[in-house]
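Below is one structure, written out as structure tokens; the observations come after it.
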Protein chains: 2
Amino acid sequence: MSNRRDAVHAVLRQSEGFRSAQDVYAEMRAEGAKIGLTTVYRALQALADTGRVDTLRTDDGESVYRACASGDHHHHLVCRVCGRTVEVAGPAVERWAETIGSEHGFTDVTHTVEIFGTCASCSAATAEQARTPSRA
Amino acid sequence: MSNRRDAVHAVLRQSEGFRSAQDVYAEMRAEGAKIGLTTVYRALQALADTGRVDTLRTDDGESVYRACASGDHHHHLVCRVCGRTVEVAGPAVERWAETIGSEHGFTDVTHTVEIFGTCASCSAATAEQARTPSRA
DNA sequence: GCCGATTTTGACAACCATTTTCATTTACCG
DNA sequence: CGGTAAATGAAAATGGTTGTCAAAATCGGC
């Protein structure tokens, strides 16, 4: 019964950006789902293994997952505040990485490319905060 | 006394590739150095904060550090077998990331780019292994 | 030189995401 | 229905990393 796995997948689908396992688990429990943390981890791993979700590591070492629209190779532009993510393609970068690798005699060349920034609405919110400092 | 920090830095300098904190600690102890794990972590963090060493995360979430030749922004071509690392620059990639970010209204755009592969000697060694299978 | 203040150190405990264990439940199949 | 294999999840273990705190080293000032 991959019912649980589908449920996990569904949560990711309805999310704007990358989510952590703990995060997904908390939401599912909050919604009343009967599922264990272990199962969430297993589901996410299975989904990642079969390429149905993308995964990356945050700066503090947490694994985060996202159901991406395209199954093709692509990269991400991630808002470091709200996590909203845009899928981007970069054929030039793919070629560049491949070239660099072979120039140095490396084989089986892969690469990781992620772009981080603050999205328009979040940087607006930050500016707002600066204008009305709450305290301290 | 930043003696300890210098000692940690020295270990990284004489290393070919990225090393983990635990790894550095183990080597220093093996060489008879009197140092605590906590101090190694603090030294590595301090060095990373001041930009004197580069850091990245392995697939299994471990932080690894490297004393790089150049203090300028650059990326790495890392052998996934032996860890040997080549520093590479990619002005085109820098511009690409910046462009993608601003196209989508993102500010404070940063990026991570790492290239992984198997270096010439390691792929030779692997081929060798295949020719003379030890057992199993 | 000597004493108190400040910083650095490191043994140990705490943290926390992730994994493993293992007993229970559930699905499948004749 | 039995019986077997797979899935589940509560609880414990793991392991890298960080926090705590007292002892030790360093630095002034006298």
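Numbered from 1 within each chain, the chains take letters A, B, ... in sequence-line order.
With no hydrogens or angles considered, a side-chain donor-acceptor pair links B:T58 and B:D60 at under 3.5 Å. Checking B:Q22 against B:Y41 by side-chain atom types alone, a donor-acceptor pair falls below 3.5 Å. For the residue pair B:R5 and B:T39, no side-chain donor N or O sits within less than 3.5 Å of a side-chain acceptor on the partner.
When the nearest nucleotides of DNA chain D are assigned to B:A21 and A:R29 by heavy-atom distance, the more 5′-ward of the two goes with A:R29. When each of B:K34 and A:Y41 is assigned the nucleotide of DNA chain C with its nearest heavy atom, B:K34 is the one assigned upstream, toward the 5' end.
No contact: B:S20 has no heavy atom under 4.0 Å from any strand. Counting any heavy atom pair closer than 4.0 Å across all strands shown, A:Q22 reaches a base atom.
What separates CZ of B:R42 from P of D:dG16 is a distance of 19 Å, to the nearest Å. Atom OH in B:Y25 sits roughly 14 Å away from atom C1' in D:dT17 (whole-Å rounding). Whole-Å rounding puts the B:R5 CZ to D:dA25 P distance at 20 Å. Between A:D23 atom CG and C:dA17 atom C1' there is a gap of 13 Å when expressed in whole angstrom units. Taking atom CD of A:E62 as the reference point, atom P of C:dC15 lies 17 Å away to the nearest angstrom. We find that CG of A:D60 is positioned 10 Å from P of D:dT18, with the value rounded to whole Å. Distance, B:M28 CE to C:dG10 C1': 13 Å, rounded to whole Å. Rounded to a whole Å, the CG atom of A:L44 is 14 Å from the P atom of C:dA17.
Taking the six-membered ring where tryptophan is involved, the planes of A:H111 and A:H75 are tilted, since the angle between them lies from 30° to 60°.
An OP1 or OP2 oxygen of D:dG9 is reached within less than 4.0 angstrom by a side-chain nitrogen or oxygen of A:T39. Note on B:Q45: every side-chain N or O is 4.0 Å or more away from OP1 and OP2 of D:dT17.
Under 3.5 Å, the side chain of B:R57 and the base of D:dG16 form no donor-acceptor pair of N or O atoms. Residue side chain B:S63 does not reach the base of D:dG16 through any donor-acceptor N/O pair under 3.5 Å, judged by distance alone. Not a single donor-acceptor pair, N or O on each side, falls under 3.5 Å between the base of C:dG10 and the side chain of B:R4.
Under a 4.0 Å N-O distance rule, the pair B:R57/A:E62 does not qualify as a salt bridge.
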